[in-house]
Structure formats: structure tokens, C-alpha cells
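Notes follow once the structure below has been shown.
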Amino acid sequence: AFYSFNMYQKKEKKGAKMSQKTLRNLIKDWRRFYEFWETQSNVIFIRYEDLYENPEKYLTCILQTAGFMFDSTDVQ
């Protein structure tokens, strides 16, 4: 998310760099967002990178949490 946002900013403002203050604020906001959702019931937090690197594991986790009936061939 940080990388994407940084790339967006650079595209919009040619050659613009993210200041340390902006980066600290983004990290603080992201941490607050993450910690909020981690404490909610019936919520699973899966990073895009994890889903991309190991789709079977995380799709299985999502389907199990949602209560779907499936077997391993469904997520391959």
C-alpha cells in the first residue's frame, strides 16, 4: 500500500519525494487501521502479498472462515 501510494504521488508530482513526516503519518495511520481490524470479531486480515505468494493456503482460510463446504481441488 505504501509503495503504491508513493508511486501515485510521484506520478502526480513529477519527481516528488515523500517527506519523513508524511511517511511517519502514513505508517501511523496504517498501524491504526490494521490494529482496529485485528480486534474485530468475524474479520480476517490477509495481506495481498500473502495471498499472491500462497493462494491455496489463504483461499482455504477465507473459505473456512466464511463457512463454505469445499475440498482441496476447489482452491487449486
Return all side-chain donor-acceptor pairs below 3.5 angstrom for residues 65-76, not counting sequence neighbours, or 'none' if the list is empty.
from: T65; atom 1: OG1; to: C61; atom 2: O; distance (Å): 2.8
from: D71; atom 1: OD1; to: T73; atom 2: N; distance (Å): 3.0
from: D71; atom 1: OD1; to: T73; atom 2: OG1; distance (Å): 2.4
from: D71; atom 1: OD1; to: D74; atom 2: N; distance (Å): 3.4
from: D74; atom 1: OD2; to: D71; atom 2: N; distance (Å): 2.9

- Task: Return each pair, listed once, that meets ring pair (Phe, Tyr, Trp, His ring centres under 6.0 Å) where at least one residue sits in residues 39-65; pairs must be two or more places apart or across chains.
- Result: Y34-F45

- Message: The criterion is side chain to side chain donor-acceptor pair (under 3.5 Å); which residues satisfy it with N54, sequence neighbours excluded?
- Response: none

- Task: With sequence neighbours excluded, tell me which residues meet salt bridge (charged side-chain N to carboxylate O under 4.0 Å, His left out) with R32.
- Result: D29

- Message: I'd like to check the side chain to side chain donor-acceptor pair (under 3.5 Å) partners of Q20; sequence neighbours left out, ordered by chain and number.
- Response: R24

- Message: Just to verify, what does E53 make a side chain to side chain contact (heavy atoms under 4.5 Å, CB included) with, not counting sequence neighbours?
- Response: none

- Query: Under 4.5 Å between side-chain heavy atoms, hopping through other hydrophobics if needed: is there a path connecting I62 to V43?
  - Reply: no

